[in-house]
Structure formats: C-alpha cells, structure tokens
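Keep in mind that the numbers below use all heavy atoms, side chains included, and drop hydrogens, waters and symmetry copies.
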Amino acid sequence: MIAAQSGRTPPPRPHIEHPRGGPTVLRIILGTQLRRLREAAGITREAAGDAIRGSHAKISRLELGRVGCKERDVADLLTLYQVTDETERAEFLTLARGTSTPGWWHQYSDVLPGWFETLIGLEEAASVIRTYEVQFIPGLLQTAEYARAVCRLGSLSEREVARRVELRLRRQALLTAPGAPRLWAVIDEASLRRPLGGPGVMAAQVRHLLELTRLPHVTVQIAPFHLGGHAAAGGPITILRFQEPDLPDIVYLEQLTSALYLDKRDDVDHYLAVMDRLSAQAESPRASQAILEQLIEDAERD
C-alpha cells in the first residue's frame with residue numbers, strides 16, 4: 001500500500017456501488033482516484049502513459065473522466081503506483097468495468113451527440129443544478145410540444161425530432177424521481193415572450209412552468225427586460241454540484257455543435273459568482289410566479 005511504503009496518506013477508496021449518473025460518474029470518480037494515486041507516487045503523466053502503452057494525453061483524458069478505462073490499463077497503473085493490496089485493486093477493477101456499461105441514454109445514440117452524453121450523466125448524479133437560459137426555456141422544464149418546436153429549428157427529419165423529444169422527456173424524469181436534484185433556473189424574459197411553436201404551445205409551456213415552480217425543489221426566477229444588461233450577458237450557463245466528494249462542481253457551456261465542461265476551481269468560482277449576481281438581479285421566485293400568472297391571463301384574453 002502507498003501509505004505504508006511512502007508515509008503519505010492514501011486517497012479515499014473508490015466507491016464501487018452504482019451511483020446515479022452511471023458510467024459518466026464512474027469515469028470521473030475513477031479518474032480522480034487514479035490521478036491522486038499518481039501524484040502521491042510522484043509519477044508524471046508521461047511515465048504513466050508509457051506504462052499503458054499510451055501517451056500523456058491518454059492519461060489526461062482518463063484522469064478527467066473523458067473516456068472509459070480498460071481493466072488491463074487500470075491494473076498496469078495500479079502496479080506502477082505500487083497499489084498491491086488485492087482488495088483495493090479489486091475495487092478499482094470493478095469500478096473500471098462499470099465505466100464501460102452503457103447508460104440508459106445510449107439507446108438514443110442515433111440522435112445524441114457525444115458531447116451531450118456527458119451532461120445527461122452529470123444531471124442524473126447532481127444534487128443541485130443551476131441554469132440560466134436566454135433564448136429557450138431550459139430543457140428540463142420544457143413541454144413535449146415546446147421541445148418539438150425547438151428541435152424543428154434544426155435540420156432534422158421528423159423521426160429525429162420525435163426521438164429528441166422523447167429523450168428530452170426521459171431526461172426530465174429525474175425531477176420527479178426519489179432524491180431529485182434541486183433545480184434553480186433563471187430564465188430571460190425574452191424566452192417567455194418569443195411564441196415558439198405558436199401562441200397555444202407557448203401558453204401551455206408557461207402553464208407547465210408555473211406548475212413546476214410549485215415543486216419544493218424547483219426554483220424559477222425571471223430576468224426581466226427592464227433589467228437591461230446583467231452579469232450573464234455572455235450566454236446560457238449550467239452549473240452542476242454533486243454530493244459525491246470525488247466529483248467537483250462542473251460548469252457546462254453549450255455551443256452550436258459542441259460544449260465545454262469546466263471544472264477548474266477558478267473557472268467554477270467565476271461562473272458561480274456570475275450566477276449569484278444574476279440571481280440577485282432577477283425577480284424573486286414569488287415575483288416570477290406572478291409574471292408567469294400574468295402571461296397566462298394575457299394569453300387567455302387573447
């Protein structure tokens with residue numbers, strides 16, 4: 001064991017149960033544990049890459065949880081890091097096997113970009129999800145018809161649209177599952193005023209949003225037009241927090257055909273500060289409910 005041989009405190013043992021988030025979370029947990037072992041042993045990424053017939057870039061991807069892990073590679077790394085206890089090695093290898101088990105979303109791989117799969121796994125594992133949206137209602141809060149209108153904005157066939165809507169509704173199941181995360185959404189007023197899908201679809205979406213605000217773990221704030229500029233003017237932001245100690249807070253920034261996942265402490269702190277300022281500037285949850293109610297009344301009069 002490293003502690004006995006080097007005098008350093010070993011990293012926590014890996015958790016081999018199956019946490020929410022499936023293989024996405026297991027990859028991050030395993031990568032974090034392997035990075036701690038490597039650093040405790042004083043071994044460079046280059047040397048670790050050589051041990052598994054790869055490069056330092058492969059080790060970096062593995063430690064960041066970007067890829068699944070072969071048991072052979074994990075076994076070789078454990079030997080390099082002087083982890084000799086058979087029970088501890090078995091725990092790591094069990095964890096490695098779990099990283100290759102497909103999540104439920106794998107069945108939607110025909111319409112699911114690889115860069116988006118990570119977000120679904122992280123949503124499943126999160127204890128808190130904070131999000132800001134400018135153009136659309138957040139995906140976790142969309143009705144089926146509104147989601148269909150959003151998907152039709154892209155160059156998709158009707159079959160692809162139907163599959164993406166099905167996937168979006170499946171994602172939303174986490175909000176009513178046991179141990180649901182706290183969802184805190186700040187929505188720009190523009191996304192409520194834009195009649196995506198037509199007035200009827202939009203009215204139903206606003207009613208659905210109001211109903212969701214009555215759930216104890218869902219908070220919605222509206223950033224109104226009269227606010228002018230605000231802290232998150234750069235675009236949509238999602239920040240995920242986890243109870244699992246080996247999962248850092250992660251910032252998700254979606255782009256047109258890709259996404260960024262930021263977990264460096266300075267980056268996360270910056271975006272947390274932005275979200276805090278935006279939440280302070282936006283209407284309170286109660287005032288936001290009143291705005292939604294007024295929108296519904298206006299739609300009914302029309």
Any side-chain heavy atom of Val218 sitting closer than 4.5 Å to one from Arg214?
no
I'd like to check Ile222 versus Asp188 (side-chain heavy atoms, cut-off strictly below 4.5 Å). Are they in contact?
no
Check whether the side chains of Arg194 and Gln135 place a donor and an acceptor atom closer than 3.5 Å, and report yes or no.
no
Heavy atoms of other groups near Arg72 CZ, more than 12 under 6.0 Å:
no
For Val25 and Gly121 the tightest heavy-atom approach is CG2-O, 4.0 Å
Within a radius of less than 6.0 Å around NZ of Lys70, do more than 12 heavy atoms belonging to other residues, nucleotides or ligands occur?
no
For Arg89 and Val83 the tightest heavy-atom approach is NH1-O, 3.0 Å
State whether the number of non-hydrogen atoms from other residues, nucleotides or ligands found under 6.0 Å of Arg241 atom CZ is greater than 12.
no
Under 3.5 Å side-chain donor-acceptor pair for Glu124 and Trp105
no
Is there a salt bridge (charged side-chain N to carboxylate O under 4.0 Å, His left out) between Glu145 and Arg148? Walk through the geometry before answering.
CA-CA 5 Å; Glu145 288 303 315; Arg148 188 168 288 109; 2.6 Å; yes
Trace of the salt bridge (charged side-chain N to carboxylate O under 4.0 Å, His left out) decision for Glu189 with Arg193:
CA-CA 6 Å; Glu189 185 177 353; Arg193 298 289 184 180; 2.9 Å; yes
Are Leu37 and Phe92 side-chain neighbours, meaning at least one heavy-atom pair lies under 4.5 Å?
yes
Are a donor atom and an acceptor atom from the side chains of Asp249 and Tyr271 found within less than 3.5 Å of each other?
no
Is Leu156 close to Val111 at the side-chain level, that is, under 4.5 Å between some pair of heavy atoms?
no
Counting heavy atoms not belonging to His217, are there more than 12 under 6.0 Å from its NE2?
yes
Please state whether the rings of Tyr261 and Tyr252 are parallel, tilted or perpendicular, taking 30° and 60° as the class boundaries.
tilted
Pair Asp267 + Lys264: basic N to acidic O under 4.0 Å
no
Quick check: are there more than 12 heavy atoms from other residues, nucleotides or ligands sitting under 6.0 Å from CZ of Arg265?
yes
Side-chain contact, heavy-atom cut-off 4.5 Å: Pro181 with Glu123?
no
Testing the 3.5 Å rule here: is there a donor-acceptor pair between the side chains of Gln289 and Thr213?
yes
If we only count heavy atoms from C-beta on, is the Thr131 to Ile239 side-chain gap below 4.5 Å?
no
Check the pair Arg159 / Asp110 against salt bridge (charged side-chain N to carboxylate O under 4.0 Å, His left out), numbers first and verdict last.
CA-CA 11 Å; Arg159 177 191 171 278; Asp110 55 324; 2.9 Å; yes
Quick one: does NZ or CZ of Arg170 land under 6.0 Å from the six-membered ring centre of Trp104, within 45 degrees of the ring axis?
yes
Less than 3.5 Å apart, any donor N or O on the side chain of Gln255 or Ser258 sitting next to an acceptor on the other?
yes
Any side-chain heavy atom of Arg130 within less than 4.5 Å of one from Ser279?
yes
Side-chain donor-acceptor pair under 3.5 Å between Arg35 and Thr32, yes or no?
no
